[in-house]
Number of protein chains: 2
Amino acid sequence: MTLSIATWNINSVRLRIDLVGDFLDSHQPDVLCLQEIKCPEANFPYRAFRERGYEHILVNGQKGYHGVATISRRPFTPVGHREFCRKGDARHTSVAIPDGNGDILVHNFYVPAGGDEPDPEINPKFAHKLAFLDEMKSWLTGRETDRKAILVGDLNIAPYEHDVWSHRQLLRIVSHTPVETEGLEEVRQAGGWLDAMRHFVPKEEKLYTWWSYRAPDWEKANKGRRLDHIWVTPHLGHRLAGIEVVRDARGWQRPSDHVPVIARLAAA
Amino acid sequence: MTLSIATWNINSVRLRIDLVGDFLDSHQPDVLCLQEIKCPEANFPYRAFRERGYEHILVNGQKGYHGVATISRRPFTPVGHREFCRKGDARHTSVAIPDGNGDILVHNFYVPAGGDEPDPEINPKFAHKLAFLDEMKSWLTGRETDRKAILVGDLNIAPYEHDVWSHRQLLRIVSHTPVETEGLEEVRQAGGWLDAMRHFVPKEEKLYTWWSYRAPDWEKANKGRRLDHIWVTPHLGHRLAGIEVVRDARGWQRPSDHVPVIARLAAA
DNA sequence: GTCGATCGAG
DNA sequence: CTCGATCGAC
């Protein structure tokens, strides 16, 4: 059976529920992983999903900040949320999707943004980000390597040179500092993950999933970053069929600053 | 020449500029007096008015609160704003509209709401409202009596029994307490004004211009109040041709809690 | 209920 | 620039 899975930092799912509906109608992913839903589970707009046949929903939300949700038109088993860094933040959820011979485990992450100042000594938000990466690394080491698994989300780090519009100008900007990009590479390698987006798009080619709200003419300036990611374990590597970055979404009415990314897996 | 003049507490002109445009397109008043524009003059959405041929605009605005604007498709001479109660509030503006033999003076007022507790000793907002009425009375006494003049606005008082859904239940509710209703009558009589709305609608008939946001089913409950008024001097009394309360406006998308009131004057 | 201001966060 | 929370005002 094939599987298509999308990840999207929606920056308030309630405010943008119509955009999400349009996206599901037009792109029909099997699974949608949202980040920054910005509401507790009780206020999640379930109906818009169920109306469209997305009846399997797992929400890890909190009031006002962060929050992730995994939504699927294929049945899944909720696996649970891990609370990283003992902060009470809703930044992770996981589900297991039956897929012929065994399940595919799907991790949905929202890594802390890290504030402005890239110094953990003076910026506790940056320290939190680095601690989160450390904990991701140890928790994921060996955990899914020998299974069929997918890790998606807003990882808030653009790891490679051409994941940002200017490597040089962003080296001291949070999301592209060496301690973060190297940290994220360690997480990826420790878990044995393959970077699905870069599997299809050469590392020499610019690839973005986020454009700041502050630049009025985002399309012309095109000062983007690749903050959103889809990783798969080697057991799924041979099934990777394609990647789509829905760049158009940045130009929709009242958009999120992130766009959806979709990965398509061939049948086993 | 005929003249039609509308008054509308818009509760943020920027948020509801599309509603205002629709109203102008559909009802085509010569003059529109807005209250509670809630922005300084610099942020006033002039373009939407000019695009529609309303090229004469006088704004007395302030940041976040209150603010009035008089908008006209007929030329006028700005007369100025009076600052009542030395509070720095933007609650009045006036213009003079050439009308054959002499001008028609148009006063646009936003009287303070007065808070919840109808006791000036313990509620300074109520004291301010009463002081505002006092100052209106002395300032207007004899001032326009012998001219062609119109006074419109959100006066935040429902003066007569049938200006509220329940006279008995509102006697101790701010906007319908005796000290306010009597005070407003004194203002009206001291200036020699005629109540144009009650000129057409008998005092025994319910007449409202405002329905609270808090009542979810405003139309069915119909617990309204007549807070918005159009007064004219005797020199214009014989020209009063009709009054329209645009009640529908309360049911528009994201409405103001007040609806527009339009007065039509016949040619001299 | 609905607004704008202010704030922290992105 | 845009979001939600909080607040005071209506």
Side-chain angles (χ1 to χ4, degrees), chain A residues 9-17 19 35-40 43 61-67 89-91 110-117 123-126 128-129 154-157 173-175 210-218 221 223 225 227-228 250 252-258, chain B residues 9-17 19 35-40 43 61-67 89-91 110-117 123-126 128-129 154-157 173-175 210-218 221 223 225 227-228 250 252-258:
Chain A
N9 177 318
I10 194 59
N11 188 14
S12 176
V13 69
R14 287 175 298 170
L15 203 64
R16 279 184 249 287
I17 189 61
L19 285 188
Q35 302 88 36
E36 278 207 271
I37 61 171
K38 287 188 171 172
C39 65
N43 296 332
Q62 68 182 89
K63 187 174 169 185
Y65 300 93
H66 325 314
D89 282 359
R91 295 182 177 276
Y110 176 52
V111 172
D116 285 333
E117 185 56 56
N123 175 9
K125 290 199 281 253
F126 196 70
H128 177 213
K129 186 175 194 172
D154 175 4
L155 306 185
N156 263 317
I157 295 170
I173 301 297
V174 171
S175 74
W210 173 90
W211 292 261
S212 170
Y213 280 126
R214 299 185 204 186
D217 200 347
W218 71 275
K223 295 186 173 177
R225 304 181 202 170
L227 303 180
D228 304 276
R250 187 61 178 78
W252 295 348
Q253 285 295 117
R254 305 200 78 199
S256 170
D257 46 353
H258 296 252
Chain B
N9 177 318
I10 193 59
N11 188 14
S12 176
V13 68
R14 288 175 297 171
L15 202 64
R16 278 182 248 288
I17 189 60
L19 285 189
Q35 303 87 36
E36 279 208 270
I37 61 171
K38 286 188 170 173
C39 65
N43 296 333
Q62 68 182 87
K63 187 175 169 186
Y65 301 92
H66 325 313
D89 283 359
R91 296 182 175 276
Y110 176 52
V111 172
D116 285 332
E117 185 56 56
N123 175 8
K125 290 199 280 257
F126 195 71
H128 177 213
K129 186 175 193 173
D154 176 5
L155 307 185
N156 263 316
I157 295 170
I173 301 296
V174 171
S175 75
W210 173 90
W211 292 261
S212 170
Y213 281 126
R214 299 184 204 184
D217 199 346
W218 71 274
K223 295 185 173 178
R225 304 180 202 171
L227 303 180
D228 304 276
R250 187 60 179 79
W252 295 348
Q253 284 297 117
R254 306 201 77 200
S256 170
D257 45 353
H258 296 250

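Chain naming here is simple, since letters A, B, ... match the order of the sequence lines and numbering starts at 1 in each.
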Q.
Can you list everything that forms a salt bridge (charged side-chain N to carboxylate O under 4.0 Å, His left out) with Asp257(B)? Sequence neighbours excluded, please.
A. none
Q: Check each of Ile157(A), Leu155(A), Asn156(A) against Leu227(A) using the side-chain contact (heavy atoms from CB on, under 4.5 Å) test, and report the only one that passes.
A: Asn156(A)
Euclidean distance, atom [atom1] of residue [X] to atom [atom2] of [N] [Å, nearest integer]:
X	N	atom1	atom2	answer
Leu227(B)	dC10(D)	CG	P	13 Å
Arg91(B)	dA9(D)	CZ	P	12 Å
Ile37(A)	dC3(D)	CD1	P	16 Å
Lys63(B)	dG8(D)	NZ	C1'	15 Å
Gln62(A)	dC3(D)	CD	C1'	14 Å
Lys125(B)	dA9(D)	NZ	P	4 Å
Trp252(A)	dT2(D)	CH2	P	17 Å
Asp89(B)	dC10(D)	CG	P	9 Å

(Q) Closest approach to the side chain of Tyr213(A), judged atom by atom: which nucleotide of dG4(D), dC10(D), dT2(D) is it? (A) dT2(D)
Q: Report yes if a donor N or O on one partner sits less than 3.5 Å from an acceptor N or O on the other, where the partners are the side chain of Arg214(B) and the base of dC10(D); otherwise report no.
A: yes
Q. Is the backbone N or O of Arg254(A) less than 3.5 Å from a side-chain atom of Arg16(A), with the two atoms forming a donor-acceptor pair by type?
A.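 Here the side-chain-to-backbone pair exists.
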(Q) Quiz question: by atom type and distance under 3.5 Å, do the side chains of Ser175(A) and Arg225(A) form a donor-acceptor pair? (A) yes
(Q) Side chains of Asn11(A) and Glu36(A): any donor to acceptor distance under 3.5 Å? (A)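 On atom types as modelled, these side chains do not qualify, holding no pair under 3.5 Å.
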Q) Would you find more than 12 non-hydrogen atoms of other residues, nucleotides or ligands less than 6.0 Å from Asp116(A) atom CG? A) no
Q: Scan His66(B) against the nucleic acid and name what it touches under 4.0 Å (heavy atoms): base, sugar-phosphate only, or nothing.
A: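 Answer is sugar-phosphate: His66(B) comes under 4.0 Å of backbone atoms only.
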Q | Opening and closing nucleotides of DNA chain C in contact with chain A, under 4.0 Å to non-hydrogen atoms | A |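 Contact boundaries, 5' end first: dA9(C) to dG10(C).
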Q: Find which nucleotide of DNA chain D each of Ser12(A) and Gly115(B) is nearest to by heavy atoms, and output the residue with the more 5' nucleotide.
A: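 Looking at the nearest nucleotide for each, Ser12(A) comes out on the 5' side.
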Q.
Quick check on DNA chain D: between Tyr110(B) and Arg14(A), whose nearest nucleotide comes earlier from the 5' end?
A.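 On the 5' side of the pair lies Arg14(A).
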Q: Start with the C-alpha distance between Lys129(B) and Val174(B), add both sets of side-chain angles, then the distance that settles side chain to side chain contact (heavy atoms under 4.5 Å, CB included), and finish with yes or no.
A: CA-CA 10 Å; Lys129(B) 186 175 193 173; Val174(B) 171; 3.7 Å; yes
